[in-house]
Amino acid sequence: MIPTTRELRRCNDCGDPVLWTVTRAGRHLLVNARPDDRGNQACYRISPRTWQSRSLDAADALPLAAWEHPFMPHIATCKGRATPAPAVLPPNVVRLDTKRRRR
Ligand SMILES: [Zn+2]
């Protein structure tokens with residue numbers, strides 16, 4: 001199932017189309033507009049313009065049902081929130097990103 005363009009909104013941070021979903025706990029979760037096999041959210045439409053999402057990572061999560069599609073949480077791919085590190089860091093701060101790349 002693919003959301004219609006009417007169901008999509010624009011992310012306030014990056015401007016990409018996103019889908020508002022409601023988790024089973026009643027919270028809102030933004031997911032990317034298109035299904036993604038790498039996504040950990042099972043989403044499906046529960047009423048016109050309302051989508052429900054549930055995490056596939058939970059310990060007791062059931063596998064993807066026939067009516068559900070995997071979606072990626074938008075926060076995982078949003079490019080608008082990334083703030084570049086300053087060129088000059090304070091003396092008591094260590095850059096960890098350079099150390100991670102060595103592995
Ligand atoms: Zn975004």
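Predicted model only: the values in this text are computed from it and were never measured.
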Chemist: Out of curiosity, Asp60 CG to Leu62 CG, how far, rounded to the nearest 0.5 Å?
Modeler: 7.5 Å
Chemist: How close do Leu29 and Thr21 get, counting heavy atoms only, and between which atoms?
Modeler: O-OG1, 2.7 Å
Chemist: At what distance, to the nearest 0.5 angstrom, does CG of Leu30 lie from CZ of Arg9?
Modeler: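 Nearest 0.5 Å value for the CG-CZ distance: 11.0 Å.
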Chemist: How far apart are the closest heavy atoms of Cys14 and Lys79, and which atoms are they?
Modeler: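 Scanning both residues, the minimum pair turns out to be CB-N, 4.1 Å.
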Chemist: Can you tell me how far CG of Leu19 sits from CZ of Arg45, rounded to the nearest 0.5 angstrom?
Modeler: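 So the CZ of Arg45 and the CG of Leu19 are separated by 9.0 Å.
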Chemist: Under the side chain to side chain donor-acceptor pair (under 3.5 Å) test, which residues partner Thr4, sequence neighbours left out?
Modeler: Glu7
Chemist: Checking Arg27 now: which residues fulfil salt bridge (Lys or Arg N to Asp or Glu O under 4.0 Å) with it, not counting sequence neighbours?
Modeler: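 By the salt bridge (Lys or Arg N to Asp or Glu O under 4.0 Å) rule, Arg27 matches no residue at all.
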Chemist: Testing Arg54, Gln52, His69 one by one against Tyr44 for a side chain to side chain donor-acceptor pair (under 3.5 Å), which residue passes?
Modeler: Gln52
Chemist: If I compare all heavy atoms of Val18 with all of Arg10, which pair ends up nearest, and what's the gap?
Modeler: CG2-C, 4.0 Å
Chemist: So, do Pro35 and Ile2 sit near enough that their side-chain heavy atoms are less than 4.5 Å apart?
Modeler: yes
Chemist: Return the minimal non-hydrogen interatomic distance between Pro70 and Asp37, and the atom names on each side.
Modeler: CG-OD1, 3.8 Å
Chemist: Hydrophobic cluster membership, with links at side-chain heavy-atom distances under 4.5 Å among I/L/V/M/F/W/Y: are Met72 and Leu64 in one?
Modeler: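 Looking at the clustering, Leu64 is in a separate group from Met72.
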Chemist: So which heavy atom on Phe71 is nearest to which on Asn32, and how close?
Modeler: CD2-O, 3.2 Å
Chemist: Please list all pairs meeting ring-ring contact (aromatic ring centres under 6.0 Å, His included) that have one or both residues in residues 1-25, counting only residues at least two apart or in different chains.
Modeler: Trp20-His28
Chemist: If you compare all heavy atoms of Gln41 against all heavy atoms of Ser53, which two are closest, and at what distance to 0.1 Å?
Modeler: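 Shortest heavy-atom separation between Gln41 and Ser53 comes out as OE1-CB, 3.9 Å.
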Chemist: To the nearest 0.5 Å, what is the distance between CG on Asp36 and SG on Cys43?
Modeler: 11.0 Å
